[in-house]
Structure formats: structure tokens, C-alpha cells
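Given the structure is predicted, the values throughout are model-derived calculations rather than measurements.
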Amino acid sequence: MYVGLRGRLVIVFTLIAITASALVAGIGYELVKRRVIDRAEQVAVSDVRDTLEGIRVPIGALWPGDSPPTNAQISTLQKSLRSQGGKVVVRYENYLYPDGDFTMSDVPVDLAVRATQRMVAKRQMVKGSMWLIVATPVWRIEPIHTAQPTGMSVFVFVPLSEEEHLLTGMRQPLAAAGAIMLIIALALALVSARQVLLPVRRLGSAARALGAGHLDTRLPVNGQDELSELTATFNDTAAALERSVSELRSLEAMSRRFVADVSHELRTPLTAMTAVTDMLSEEADRLPPEPAAAVRLVLREIKRLRTLVEQLIEASRFDSGTATLNVDTVGIADAICDCLEVRGWSERVRVNVPQGLTFSVDPRRFDVILANLVGNALRHGEPPVVVTARSTPNGLEVKVRDHGKGIPAADLPHVFNRFYKAGARGDGSGLGLSIARANAHLHGGTISVRSQEFNTLFTVWLPPA
């Protein structure tokens, strides 16, 4: 799925915001959690230590140590050590004194081992709740003020429910703060994307206008950032392109003018030369063979030159945009037969057109199309040359088919290019097919070609007027 630049910017901003929110919330939560738990642990350890310090002397009177302590003595000890909601498990050598349903099985093994040497503390999940277990040996102060071990260890279970409740209550504010940060990040992402993409959109619109031919398109340059540099580069490129296109258009106009002027200038001598061609043609039959051949060669070249000049003038009209249509409803069969008869091709071309078929075309330009296609088939193809026409739901379809060896595949895409001559088919001017296609396009139609090994087919399609 394609995601635009704006969508990618918003996604990146959102991912950054989510990551930052999660990191800030997670780190903050862990810091607070550690501080709260550490404080609870320090308070619990201090309370146990202070309590034991306070009962070291009374312990000698409470329990001499000559025999195991009684339940009453243990109960008194547990009561003095038990904090609010806490539990105290006592171990004396092999004697165990539980507190309610809390027994030595709830004390981690490593804690039970270390409790014989010094005071230690550890957090542990017990019966589905988090507890802080403070384990310490019990010492007794002798009359000479020396501490003596009693062989007794106590395990004080301090509940951490209040701390857990406090931490649980922090999660909702942290989640709300993360959501607020995410919303702010999304808003900033949208605003930033708009600020970043607005110049890009302007550049896109300007590029499209430039492509549509509005070469004077320019954009204002604001600021000195990268996008401003890109806009300035675009303006410089557009200015250079405008200058280049203006020069090319000027050169193209000069070229068209030159071709048109030369073609028109050639008409005058050609007219004079054509006026004497009939007389020269009659005289050629009475001349010796070599002069007669030279005269006939001159006459043939004059005819080709006249055709070339007429085609150049016609092409210049299309280039200058002055070619127009004079549409009239004509009988297609009659128009085709007249085209062939005027040029003396009636005996060499077979026509298959239903009588009564009429269509709105420019008669002169339709004649030019047919003359170029049929003349091309007669010069470069093999008989029979067949012209067919029919009416279709989309317009008029005219086909010209010859049965020669066909057009080489490499030349086929270029046969409508001006002055293109394909191999053995290249003894013409190379303008006929180009002019035929230009006349078809002026009607709003097309010409296509299909060549096979033993025939070439040109198809003309003209839409209804």
C-alpha cells in the first residue's frame, strides 16, 4: 500500500512520540517504584532493628536461654516485632514458631541461611501479595554489656500493599500523560507536515504548469532553508527552459518559413517548366534514342519535383496550423473511383465499396489520403491492390491492401515519419504517408499499418463529423 510523504511524516512523528512517551513513563515509573520500595525497605529494616535494640536486655528476663522459649515468650516477641498487618515467624534451632498461616516454607532458602549471621531483607511474592521479609538473628545483652547469640532468628513479613496501591495509582496518570503527549505529537506532526509539504505542493503545481506550457511560471523564494534553495533552483531551471524553448520555437518558425518560402518560390519556375512538358513529351518520340531518354528523364524528374513542392507546401500548412477542413457529404464509392480515374489507376486497382455509402469528409483531403496510400501500394507493393470501405458504428473505415513482400519489421514504426524511406520502398519523397496521416488527424481520425510476409494493409478510420 502506497503511503504519501505526509502520511510517512505523521507515522514517524507518532512512532517517535509513542517511543518517547513509553520511555519517559517507564523510566519515571521505575524510578518512583525503586524510591518507594527502597524507602519502605529502609523503614521496615530500621523498625525491626530499633525494636530488637529495645528488647535485647528484656530478652534475658523474658527468656534465659537455658531451654527452648515457650509459646508465651514467642508470642510476646512476635507482638513486639509485628508491624501493622505484618507477620513474624520465629526459628530457634530446630524449633519453628509460625504466625498464623505464615511458616518457614514462605521464607526463601537463601534468606533463611543468611539470617543466622546478619540482618538481611528481600522482597518476595507470598500468597499472591508482595511482602518485604526482614530476617535477622536475635542477640542478648549480657550484664557485662556484650551481645551474645541466642540461636534464635526472626523473619518479619512487612506488607507492601500500600506501596503497590500507590504505584498502581501512578499508572493511570502516566498513561494519561502519555496520551496527551501523543496527541500533542500528532498535532505537531500535522502542522510540521503541512509546513514541509506546502512548498513541495507548490513546486508540484508549478512543475505541472511548466509541463503544460506555462513557461513563465515562477515561485516566490522565502527564507534560506533547503526548500528555499530548491525553489530558487526551480526558478532558475524554469527561466533557462523558457529561454531554450523560445530559441527552439524561433528556430522552428524560421525553418517552417524557410520551407514555405522556398516551396512557393519553386512554384514559379516549376509552372514554366510544366508548361513545356507536353511539348517535350511529343518531341521525345521523334528524337534519337539517347536524347529521347534524357528528355524523358527530365520530364520524370520535373514531375517528381512538382509533387515534392506540393507536398512541402501542404506540410508547411500543417506545421503553421493553417490547414482547415471543408466538410461535405460525399459518396465514398464515387470519391474513390474519381481519385483513381484522375491518376490513371482505375485499371490497376480493385475497388470493393458498397454503392450508396455516404460520409461527411473534406473531399480534397480525403482524395489526398487515398492518393498517397494507393500510390504507395502501386509503387512499392505487388498487385492486386484492393481498396475497401465500410461504415461502422464508430465512423468510416477505409482499407488499402497490396500483396507485395511487406514492410520490414524494423521500418514499420517509422513509415509515417517525414522523409523516412524504408529500403527498397525509398524511391519516393518520404512525405506522402506523413501527409496522409496529418489529413486523417485533421479529420479526428487515424491511419494504422499492418505488414505481413505477402501483403501490407493500411487502415484509415474517420469519425462522424
Side-chain angles (χ1 to χ4, degrees), residues 22-56 58-59 62-63 68-140 147 149-175:
L23 286 175
V24 171
I27 294 173
Y29 180 80
E30 287 299 323
L31 289 175
V32 173
K33 178 181 177 181
R34 180 174 298 177
R35 181 63 177 169
V36 169
I37 297 300
D38 287 349
R39 182 177 177 81
E41 183 175 340
Q42 291 173 3
V43 171
V45 170
S46 178
D47 288 345
V48 171
R49 182 181 291 112
D50 292 343
T51 301
L52 288 178
E53 288 287 343
I55 66 172
R56 277 181 179 179
I59 260 187
L62 172 69
W63 169 59
T70 64
N71 289 334
Q73 293 169 336
I74 291 298
S75 177
T76 302
L77 179 62
Q78 288 175 334
K79 184 177 180 181
S80 63
L81 290 173
R82 187 182 296 127
S83 61
Q84 184 177 2
K87 302 290 183 179
V88 179
V89 176
V90 180
R91 179 182 64 185
Y92 173 68
E93 295 182 350
N94 293 327
Y95 296 92
L96 301 177
Y97 302 92
D99 189 353
D101 56 352
F102 282 74
T103 65
M104 283 300 298
S105 62
D106 298 318
V107 178
V109 176
D110 61 328
L111 197 67
V113 172
R114 289 185 293 167
T116 60
Q117 303 297 326
R118 57 189 177 88
M119 180 180 288
V120 291
K122 184 178 183 179
R123 292 189 298 274
Q124 181 78 16
M125 288 292 297
V126 180
K127 306 185 186 307
S129 299
M130 182 63 70
W131 296 77
L132 177 65
I133 306 175
V134 180
T136 181
V138 178
W139 300 78
R140 180 174 53 201
T150 62
M152 180 184 293
S153 299
V154 294
F155 303 89
V156 182
F157 291 76
V158 180
L160 297 178
S161 56
E162 291 185 2
E163 287 74 10
E164 283 190 330
H165 181 72
L166 175 63
L167 294 174
T168 303
M170 287 184 58
R171 293 172 187 165
Q172 185 173 358
L174 288 174

Problem - Partner set under salt bridge (charged side-chain N to carboxylate O under 4.0 Å, His left out) for R39, not counting sequence neighbours - result: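 With sequence neighbours excluded, R39 shows a salt bridge (charged side-chain N to carboxylate O under 4.0 Å, His left out) to no residue whatsoever.
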
Handout entry: Y97: partners by ring-ring contact (aromatic ring centres under 6.0 Å, His included), with sequence neighbours left out
Key =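 So Y97 forms no ring-ring contact (aromatic ring centres under 6.0 Å, His included) with any residue.
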
If you take all heavy atoms of [X] and [Y], which pair is closest and at what distance?
X: P108; Y: I133; result: CD-CD1, 3.8 Å
X: V89; Y: D99; result: CG2-N, 4.2 Å
X: M130; Y: M125; result: CE-SD, 3.5 Å
X: G86; Y: P159; result: CA-CD, 3.8 Å

Exercise for the section: Mind checking side-chain hydrogen bond (donor to acceptor under 3.5 Å, both in side chains) for D106 and listing every partner two or more places apart, or none if nothing turns up? Expected result: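 In terms of side-chain hydrogen bond (donor to acceptor under 3.5 Å, both in side chains), with neighbours along the sequence ignored, D106 is linked to no residue.
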
Practice task
Please list, chain by chain and in numerical order, all residues satisfying side-chain hydrogen bond (donor to acceptor under 3.5 Å, both in side chains) with T103, sequence neighbours excluded.
Solution key: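 Once residues adjacent in sequence are excluded, the partners of T103 under the side-chain hydrogen bond (donor to acceptor under 3.5 Å, both in side chains) criterion are S105.
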
Handout entry: Worked verdict on K87 versus D101 for salt bridge (charged side-chain N to carboxylate O under 4.0 Å, His left out)
Key = CA-CA 9 Å; K87 302 290 183 179; D101 56 352; 5.3 Å; no

If you define the side chain from C-beta out and look only at heavy atoms, does anything of [X] sit under 4.5 Å from [Y]?
X: V154; Y: T136; value: yes
X: D110; Y: K122; value: yes
X: P137; Y: M152; value: no

Handout entry: Test of ring centre spacing under 6.0 Å for F155 and W131
Key =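 Centroid distance F155-W131: not below 6.0 Å, so no.
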
Exercise for the section: Check side chain to side chain contact (heavy atoms under 4.5 Å, CB included) between R118 and all other residues, then give those that pass, not counting sequence neighbours. Expected result: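 Expected list: R114, V120.
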
Practice task
Walk me through it: do V88 and V90 pass the test side-chain contact (heavy atoms from CB on, under 4.5 Å)?
Solution key: CA-CA 6 Å; V88 179; V90 180; 4.2 Å; yes

Exercise for the section: Begin with the C-alpha distance, continue with both residues' side-chain angles, and end with the deciding distance and a verdict on side-chain contact (heavy atoms from CB on, under 4.5 Å) for F102 and V107. Expected result: CA-CA 9 Å; F102 282 74; V107 178; over 6 Å; no

Handout entry: salt bridge (Lys or Arg N to Asp or Glu O under 4.0 Å) contacts in which one or both residues fall within residues 150-159, not counting sequence neighbours
Key =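 Qualifying pairs, neighbours excluded: none.
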
Exercise for the section: Measure the spacing between CE of M104 and OG of S153 and express it to the nearest 0.5 Å. Expected result: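 Those atoms lie 8.0 Å apart.
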
